[in-house]
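To start, the structure itself, in structure tokens.
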Amino acid sequence: QVQLVESGGGLVQAGGSLRLSCAASGRTFSSYAMGWFRQAPGKEREFVAAINKSGGRTYYADSMKGRFTISRDNAKNTVYLQMDSLKPEDTAVYYCAADQDYSGSRLEYQYDYWGQGTQVTVSS
């Protein structure tokens with residue numbers, strides 16, 4: 001089992017940057033592919049990015065490609081989401097999730113563990 005705690009959210013102006021972190025408990029972090037999802041008010045949760053267990057492969061939603069970068073440090077049990085050129089429509093609660101069985105999925109139901117989320121607000 002793994003517990004996930006996100007941090008790094010906050011208020012930023014459009015065009016700015018934020019880096020989210022997700023710290024995982026336990027000694028098997030490298031056994032999990034990791035993903036970031038987000039949920040805006042009144043909308044369903046959506047896929048943002050994913051990374052495989054070694055960090056060698058990454059996947060992005062089309063609208064985030066080129067602006068967001070997912071990475072991981074298995075020695076620190078942490079996955080990151082660097083978000084640049086932020087837009088007001090990026091405002092959402094951002095969640096990290098861990099997936100033991102796949103190599104980095106866009107599908108929410110394939111993730112086994114979820115963090116509590118961190119709020120990102122982008123002002124215009």
Cluster membership besides Tyr109, Ile/Leu/Val/Met/Phe/Trp/Tyr side chains within less than 4.5 angstrom, sorted by chain and number, is Leu107
- Backbone N or O of Glu6 within a donor-acceptor pair of the Gln116 side chain at under 3.5 Å? no
Nearest heavy-atom contact between Asp112 and Gln100 is OD2-N, 2.9 Å
(message) If hydrophobic clusters are built by linking Ile, Leu, Val, Met, Phe, Trp and Tyr wherever their side-chain heavy atoms come under 4.5 Å apart, do Met34 and Tyr113 end up in the same one?
(response) yes
(request) Check whether any side-chain heavy atom of Tyr95 lies under 4.5 Å from a side-chain heavy atom of Glu108, and answer yes or no. (result) no
Discussion item. Within the supplied structure, the quantity of interest is the number of heavy atoms (other residues, nucleotides, ligands) at a distance under 6.0 Å from Lys76 NZ; does it exceed 12?
Written reply: no
Nearest heavy-atom contact between Phe47 and Ser105 is CE1-O, 3.4 Å
CZ of Phe37 to CG of Leu81, rounded to nearest 0.5 Å, is 12.0 Å
key: Flag if over 12 foreign heavy atoms under 6.0 Å of CD, Gln119   = yes
Output for pair (Asn77 CG, Gln3 CD), nearest 0.5 Å, gives 12.5 Å
So the side-chain hydrogen bond (donor to acceptor under 3.5 Å, both in side chains) pairs with at least one residue in residues 29-39 (sequence neighbours excluded) are Arg38-Glu46, Arg38-Asp90, Arg38-Tyr94
Sorted by chain and residue number, the salt bridge (Lys or Arg N to Asp or Glu O under 4.0 Å) partners of Asp99 (sequence neighbours excluded) come out as none
Met64 reachable from Ile51 in the ILVMFWY side-chain graph, under 4.5 Å edges:
yes
Let me check something: any side-chain donor-acceptor pairs from residues 54-61 under 3.5 Å, sequence neighbours excluded? List them with distances.
| residue | atom | partner | partner atom | Å |
| --- | --- | --- | --- | --- |
| Ser54 | OG | Gly56 | N | 3.2 |
| Tyr60 | OH | Ile70 | N | 2.9 |

To the nearest 0.5 Å, atom OG of Ser124 lies from atom CD of Glu89 at 10.0 Å
On a heavy-atom basis, the closest approach of Ala40 and Thr91 is CB-O, 3.6 Å
Does Thr69 reach the main-chain N or O of Gln82 with its side chain, forming a donor-acceptor pair under 3.5 Å?
-> no
Hits for side-chain hydrogen bond (donor to acceptor under 3.5 Å, both in side chains) against Thr118, two or more places apart or cross-chain, chain-then-number order -> none
Q. Okay, side chain of Lys53, backbone of Gly104: is any donor-acceptor separation there less than 3.5 Å?
A. no
For residues 7-20, please give each side-chain donor-acceptor pair under 3.5 Å, one per line with the distance, not counting sequence neighbours.
| residue | atom | partner | partner atom | Å |
| --- | --- | --- | --- | --- |
| Ser17 | OG | Asp84 | OD1 | 2.7 |

Looking only at heavy atoms, the pair that brings Tyr111 and Ala33 closest together is CE2-O, 4.4 Å
- Mark yes or no for whether Arg106, through its side chain, and Ala50, through its backbone, hold a donor-acceptor pair below 3.5 Å. no
